[in-house]
Number of protein chains: 2
Amino acid sequence: MNIAIVGTSGAVGQELLRVLEQRNFPVDELQLFGSSRSAGTSYNFKGKQIVVKELQHNDDFKVIDIAFVSAGGGTSLEFAKTITKHGAIMIDNSSAFRMDDEVPLVVPEINGEDALNRPKGIVANPNCTTSQLVIALKAIEDITHIKKVHVATYQAASGAGAAAMQELEEQHRQIVNGVKPTVSKFAYQLAYNLIPQVDVFTDNGYTKEEMKMYHETRKIMHSNIEVSATCVRVPVMRAHSEAIWIETERPLSLEEAREAFRNADGVELIDNPSEKEYPMPLGLEGTDPVYVGRIRKDLTNEHGLTFWTVSDQIRKGAALNAVQIAEYIIKNS
Amino acid sequence: MNIAIVGTSGAVGQELLRVLEQRNFPVDELQLFGSSRSAGTSYNFKGKQIVVKELQHNDDFKVIDIAFVSAGGGTSLEFAKTITKHGAIMIDNSSAFRMDDEVPLVVPEINGEDALNRPKGIVANPNCTTSQLVIALKAIEDITHIKKVHVATYQAASGAGAAAMQELEEQHRQIVNGVKPTVSKFAYQLAYNLIPQVDVFTDNGYTKEEMKMYHETRKIMHSNIEVSATCVRVPVMRAHSEAIWIETERPLSLEEAREAFRNADGVELIDNPSEKEYPMPLGLEGTDPVYVGRIRKDLTNEHGLTFWTVSDQIRKGAALNAVQIAEYIIKNS
């Protein structure tokens, strides 16, 4: 396959390089694209240096089979036609096309087959908080329908990109050195703080990030499930965590729920309270699973369960899921 | 009033000194007590240095009217009789007596009158996560009954004491200097991490901290309200945050809810999304209110609301509430 990465210099672009190499993805040729600022930089892939080309409205994508695009919604909208016009499949990490009826929104463990019907040549990758949520929900949905979800997120700096991660580190360096922390990538200082706003606000008082969890979950799961989310940025580097409550059609025992998580694709159970074993963001960075733990009955609802998930935001939340979509398409085409 | 502080050197003891002075509490004489390790240290109160005496089983409390006790559950249990036997009122910050039927558990804005009936001479101060929660709930309970609560906490280091706060700072210093962080006060590194365990686990998989939110809320509110909590330690210094969903008997409009919070004792509303105004722990340390923001309808429930609270863990979560209990008793005795 001839593969392109658009937005190579970003946190997700860099992880795409790693994931493609680690999974031994069938790459014949890899082309890297970026802004005029990134053009000329080179990156190593399987021992070869590849120079980033400037993304332009030309025929560069004629030879490409699959393009992983992660350069923001504006770039995706502007370049979708250029990328897909000769038949390349665009796997888009931005929010630009996620709710487009003609664009499937895919988490392969859940609705991989949706990726095979793509009228615009585009498959959308869900928002990081959604991928993590739906992977855990799917385990339960397979044994009984989930009607409602309440979820509070604890989102790492990485969701705002590589520069935001650097800003968090820099803020801690400045604080240790007695210097006033620089605030640029987030609306407020993130070090020693929590910011209960991710993305902009919508009319109902929820942020776009929170509404993504509502709409994307329904689209991916083909379900009328209802999700009320509170999304919060926390001073953690790159794994997101979520405290989740679900209401199911049939009441579940803890043992049934544990068994469901244990058997689910993409899930790893870490739930051994007596040994203080539960998922934590530190130490799980760079790994693939959605980790689930702290499983217990919802004390307010016979039909309710609650649990805690952690997953690397750049992997399952972005680059890994995108590559898994491509793998699904290759295998099933 | 002759006042004693037991556990003066701790984070709460130090805050008690500040709160008593700031509120101009009617202190005739202040005596400070502590462990043998703390004895001999002196602290300033209204310009006078007061030396910490060792807490012992003797008649030191004979002259005391009110003793603020914050030296852990073990000390409270061991010294309750010594402290109260001559009639001193013990306002206890530990969990030792909170669920004792003969000990009122009090948040003055809610059930101050309970503090007037204290068969054991003890009034218990709730856990920090509970005080913050019930102050917000009371605003709504006054207009319609709350049946259910889901709450995810984001708890600061201060809840584990002054040494834990120092450990978090030290971990960041070590990381900046390329040194492996020291882990001693928490089970795991807290810098750049989240620990989804506060206090020990109980049989139902919830932690004691989470079950405190269930039981203490019911006792304080004299209500059959049900609370399912997930308590998480976050790398923040001293204000706790909570993402809260409530189900009410009567559906509420956002405007009704806002008005209720605006008028509630102990609450300050910060809820102006268009200006990015919402409560955040950084910058609210050392202040008294429970801040409420991000108010919106629960997307899964016509009878549901969700909001976000922040409050200083050492003030309303501990020292301030204890002093308010004493003020209530003085005013109503």
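These numbers were taken from a predicted model, which means no experiment stands behind them.
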Leading residue by heavy atom contact count with chain B [cutoff under 4.5 Å; candidates A:Lys297, A:Met280, A:Met237, A:Gln189]: A:Met280
Inter-residue atom distance B:Ile246.CD1 - A:Thr300.OG1, 0.5 Å rounding: 12.5 Å
Close side-chain approach of B:Arg294 to A:Glu210, heavy-atom, < 4.5 Å: yes
Close side-chain approach of B:Thr306 to A:Tyr206, heavy-atom, < 4.5 Å: yes
For chain A, the option from B:Pro273, B:Ala229, B:Gly205 that forms the most heavy-atom pairs under 4.5 Å: B:Pro273
Full working for side-chain hydrogen bond (donor to acceptor under 3.5 Å, both in side chains) between B:Trp245 and A:Ser228: CA-CA 9 Å; B:Trp245 287 263; A:Ser228 176; 2.8 Å; yes
Heavy-atom pair with the smallest gap, counting every atom of A:Pro279 and B:Pro196: O-CG, 3.6 Å
Heavy-atom contact with chain B under 4.5 Å, split by part of A:Val200: neither
Heavy-atom pair count under 4.5 Å with chain B, highest-scoring of A:Leu254, A:Asp271, A:Val232: A:Val232
Parallel, tilted or perpendicular: ring planes of A:Tyr278 versus B:Phe201, cut at 30 and 60 degrees: tilted
Top contributor to chain A interface from B:Leu194, B:Ile175, B:Ile195 [non-hydrogen pairs under 4.5 Å]: B:Leu194
B:Tyr192 (side chain) donor-acceptor with A:Arg238 (main chain) under 3.5 angstrom: no
Show me the donor-acceptor pairs, under 3.5 Å and distance only, between side chains in residues 281-292 of chain B and residues at least two apart or in other chains.
residue  : atom : partner  : partner atom : Å
B:Glu285 : OE1  : B:Gly283 : N            : 2.8
B:Thr287 : OG1  : B:Leu284 : O            : 2.7
B:Thr287 : OG1  : B:Tyr291 : OH           : 2.8
B:Asp288 : OD1  : B:Arg315 : NE           : 2.6
B:Asp288 : OD1  : B:Arg315 : NH2          : 3.2

Per-residue contact mode, A:Ala156 against chain B (heavy atom under 4.5 angstrom): neither
Winner by heavy-atom pair count (cut-off under 4.5 Å) against chain A, out of B:Asn177, B:Val151, B:Val176, B:Val149: B:Val176
Contact check, side chains of B:Asn204 and A:Arg296, non-hydrogen atoms, under 4.5 Å: no
Under 4.5 Å from a heavy atom of chain B, the part of A:Thr153 involved: backbone
Residue B:Val310 versus chain A: region with a heavy atom under 4.5 Å: neither
Contact origin within B:Ala239 toward chain A - heavy atom pairs under 4.5 Å: neither
Leading residue by heavy atom contact count with chain B [cutoff under 4.5 Å; candidates A:Lys276, A:Glu169, A:His150]: A:His150
Which of B:His172, B:Glu226, B:Lys148 touches chain A most, by non-hydrogen pairs under 4.5 Å: B:His172
Over all atoms of both residues, closest heavy-atom pair of B:Met211 and A:Leu299: SD-CD1, 3.6 Å
Heavy-atom pairs under 4.5 Å with chain A, option from B:Arg173, B:Gln197, B:Lys147 with the top count: B:Gln197
Proximal component of B:Leu168, with respect to chain A [non-hydrogen, under 4.5 Å]: both
Neighbour count >12 (heavy atoms, 6.0 Å) for atom CD, A:Glu255: yes
